[in-house]
Each structure stands twice: as structure tokens, then as C-alpha cells.
Student: 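For reference, the structure I am asking about is given below.
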Amino acid sequence: MKRFIFLLLFCICLLPASAEFITGEVEYNAENNSGVQADVPIKTKLYNRYIDSDFNENSAYLYKGITELKDRKLAKFSDGSYGVLYYDDPMYTWYYNGNGRLINFFRKDSQDYPCSVIKYKPDGTIVNTGYRVSENESFIYSADGKMIAHWLGENCYDSKNNLIMKRKFYN
């Protein structure tokens, strides 16, 4: 519990003081992110991602409980959505609904932990920010810096420690 409180305080203290440059003349921070559009490289990446081109294959693997593939890693969520991380582009993770349509995507600032992430809508608008402590633990914050969720292993909790979602890891 002390570790959790320390990490939470650490993350909250860092978040308001940090800024990330997106391209052009827009500076992103927790105070001014609403309505910010994604930069041109992100929009180029989005071109082939609105529909999961591997939907049938990904669905079959997830049904069988297989998440580690030669070119990508999959994750299944309790709401029917799933995520895809392509090993040749590890800074981005793509999240699709149960029909293979893009819901949102994340961009990490580093492949190492800890790292910051930004969540985007399919139109490139920034939704929220996050801080990944490890592969199995992350914190998600709203635009005004309030904690929305805390992923710990397979479980996602809200700011009051209520379970709000699960993801499934397979061996």
C-alpha cells in the first residue's frame, strides 16, 4: 500500500510539471489538451488502422487464448474490445471494438519503463494521458490531472478502487 501511495504521489507531482511536444506549434500538457489534433505522422499511421486488417486472424487467436504471435501481441478486454501491439512499431498500441473497428490508440514516449502514454481517438484528438510503471501497472489521468484508472495486472480500478474492467493474459 505504501508503494501505491508513493507512486501515485510521484505521478501526480510529475504530471503537471511535464510537457510533451507534438509537432508544429502546439505544446501538450494537462491544461490545454482538449481538441488538440494528432500530428501528420500519426494521421499517416491511422490511414491503414481504422479497420483491423487482421480481424479474422486476431479473433481466432484470441478465441483460442493465443496472444503472442510472431509479429504482434494481443490483449482481450472484458468489454469485448481487444488491443494489438505490432512488434515492428512498438511505440503504438491499437484498440478495436469486437467488430474490428478502431476505438482509440496509444502512443508511448519510450519502450522502457516507466514511460508516458497519450491516448487518442480515431480522429487524432487526445483523450487522456497515462503513466506506465511496468508492463502490468499503469495509471490513467484526465485532462485536468485527476486519476481515472489504475491498471494492476489483469484488473482496472477507478479512483475509488472499484473494479471497472478486466483484461485477460494467457500463457
Side-chain angles (χ1 to χ4, degrees), residues 1-43 45-46 49-50 67 73-86 89-97 101-169:
M1 186 61 159
K2 289 180 183 179
R3 179 177 164 229
F4 171 75
I5 293 171
F6 174 76
L7 286 173
L8 181 61
L9 290 173
F10 180 82
C11 292
I12 290 173
C13 291
L14 281 181
L15 195 63
S18 65
E20 181 173 329
F21 287 97
I22 296 191
T23 59
E25 299 295 322
V26 178
E27 180 180 350
Y28 168 78
N29 63 40
E31 286 77 41
N32 70 353
N33 75 338
S34 59
V36 176
Q37 295 295 309
D39 57 23
V40 173
I42 288 176
K43 288 186 178 186
K45 285 183 176 296
L46 278 167
R49 300 286 186 206
Y50 289 111
T67 58
K73 183 176 184 177
L74 307 172
K76 185 171 180 69
F77 299 95
S78 60
D79 65 355
S81 64
Y82 64 97
V84 182
L85 170 77
Y86 292 95
D89 195 11
M91 302 302 275
Y92 291 85
T93 305
W94 307 91
Y95 295 91
Y96 297 95
N97 67 17
R101 295 191 182 275
L102 186 66
I103 301 169
N104 56 57
F105 63 98
F106 282 82
R107 180 173 70 169
K108 297 188 291 189
D109 69 350
S110 171
Q111 289 184 347
D112 299 321
Y113 297 106
C115 67
S116 297
V117 295
I118 300 174
K119 178 181 179 181
Y120 296 91
K121 292 180 185 178
D123 68 0
T125 304
I126 296 173
V127 176
N128 58 43
T129 61
Y131 190 71
R132 297 208 57 194
V133 179
S134 69
E135 185 174 345
N136 294 317
E137 183 172 19
S138 59
F139 297 88
I140 303 169
Y141 300 94
S142 65
D144 60 0
K146 293 182 182 168
M147 189 176 86
I148 298 170
H150 174 209
W151 277 102
L152 190 56
E154 294 181 354
N155 299 323
C156 183
Y157 302 95
D158 65 14
S159 61
K160 295 179 181 171
N161 213 27
N162 297 310
L163 182 66
I164 56 175
M165 185 182 283
K166 293 179 82 68
R167 65 181 163 202
K168 186 66 178 167
F169 293 113

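Here the structure is a predicted model, which is why all the values come from computation and not from measurement.
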Student: Short question: side chain of Tyr92, backbone of Lys108 - any donor-acceptor pair under 3.5 Å?
Tutor: no

Student: Is any side-chain heavy atom of Val133 closer than 4.5 Å to one of Phe139?
Tutor: yes

Student: For Pro114, what residues pass the side chain to side chain contact (heavy atoms under 4.5 Å, CB included) criterion, not counting sequence neighbours?
Tutor: Tyr131

Student: Could you state the interatomic distance from CG (Leu102) to CZ (Arg49), rounded to the nearest 0.5 Å?
Tutor: 9.5 Å

Student: Nearest 0.5 Å, what's the CH2-CG distance between Trp94 and Asp89?
Tutor: 7.5 Å

Student: Listed by chain and number, what are the side chain to side chain contact (heavy atoms under 4.5 Å, CB included) partners of Tyr113, not counting sequence neighbours?
Tutor: Cys115, Arg132, Glu135

Student: Give, for atom NE2 of His150 and atom CD1 of Ile164, the distance between the pair rounded to the nearest 0.5 Å.
Tutor: 11.5 Å

Student: Looking at CE of Met147 and OH of Tyr157, how far apart are the two atoms once the value is rounded to the nearest 0.5 Å?
Tutor: 11.5 Å

Student: Using the test side chain to side chain contact (heavy atoms under 4.5 Å, CB included), find all partners of Ile140 that sit at least two apart in sequence or belong to another chain.
Tutor: Asn128, Ile148, Ala149, Trp151

Student: Using the side chain to side chain donor-acceptor pair (under 3.5 Å) criterion, which residues pair with Tyr82? Sequence neighbours excluded.
Tutor: Asp52

Student: Could you give the distance from CE (Met165) to SG (Cys156), rounded to the nearest 0.5 Å?
Tutor: 6.5 Å

Student: Applying salt bridge (charged side-chain N to carboxylate O under 4.0 Å, His left out), can you list everything that pairs with Asp158, at least two apart in sequence or on another chain?
Tutor: none

Student: Take Tyr96 and Val84, measure what side-chain contact (heavy atoms from CB on, under 4.5 Å) needs, and give me the verdict at the end.
Tutor: CA-CA 8 Å; Tyr96 297 95; Val84 182; 4.2 Å; yes

Student: Quick check against the 3.5 Å criterion: does Asn104 have a side-chain atom that pairs as donor or acceptor with the backbone of Lys119?
Tutor: no

Student: Begin from the C-alpha positions of Arg101 and Tyr50 and carry the test side chain to side chain donor-acceptor pair (under 3.5 Å) through to its verdict.
Tutor: CA-CA 6 Å; Arg101 295 191 182 275; Tyr50 289 111; over 6 Å; no

Student: Rounded to the nearest 0.5 Å, how far does CD1 of Ile103 lie from NZ of Lys121?
Tutor: 13.5 Å

Student: Can you list everything that forms a ring-ring contact (aromatic ring centres under 6.0 Å, His included) with Phe106? Sequence neighbours excluded, please.
Tutor: Tyr95

Student: Evaluate the criterion side chain to side chain donor-acceptor pair (under 3.5 Å) for residue pair Asp144 and Ser142; output intermediate values, then yes/no.
Tutor: CA-CA 5 Å; Asp144 60 0; Ser142 65; 2.3 Å; yes

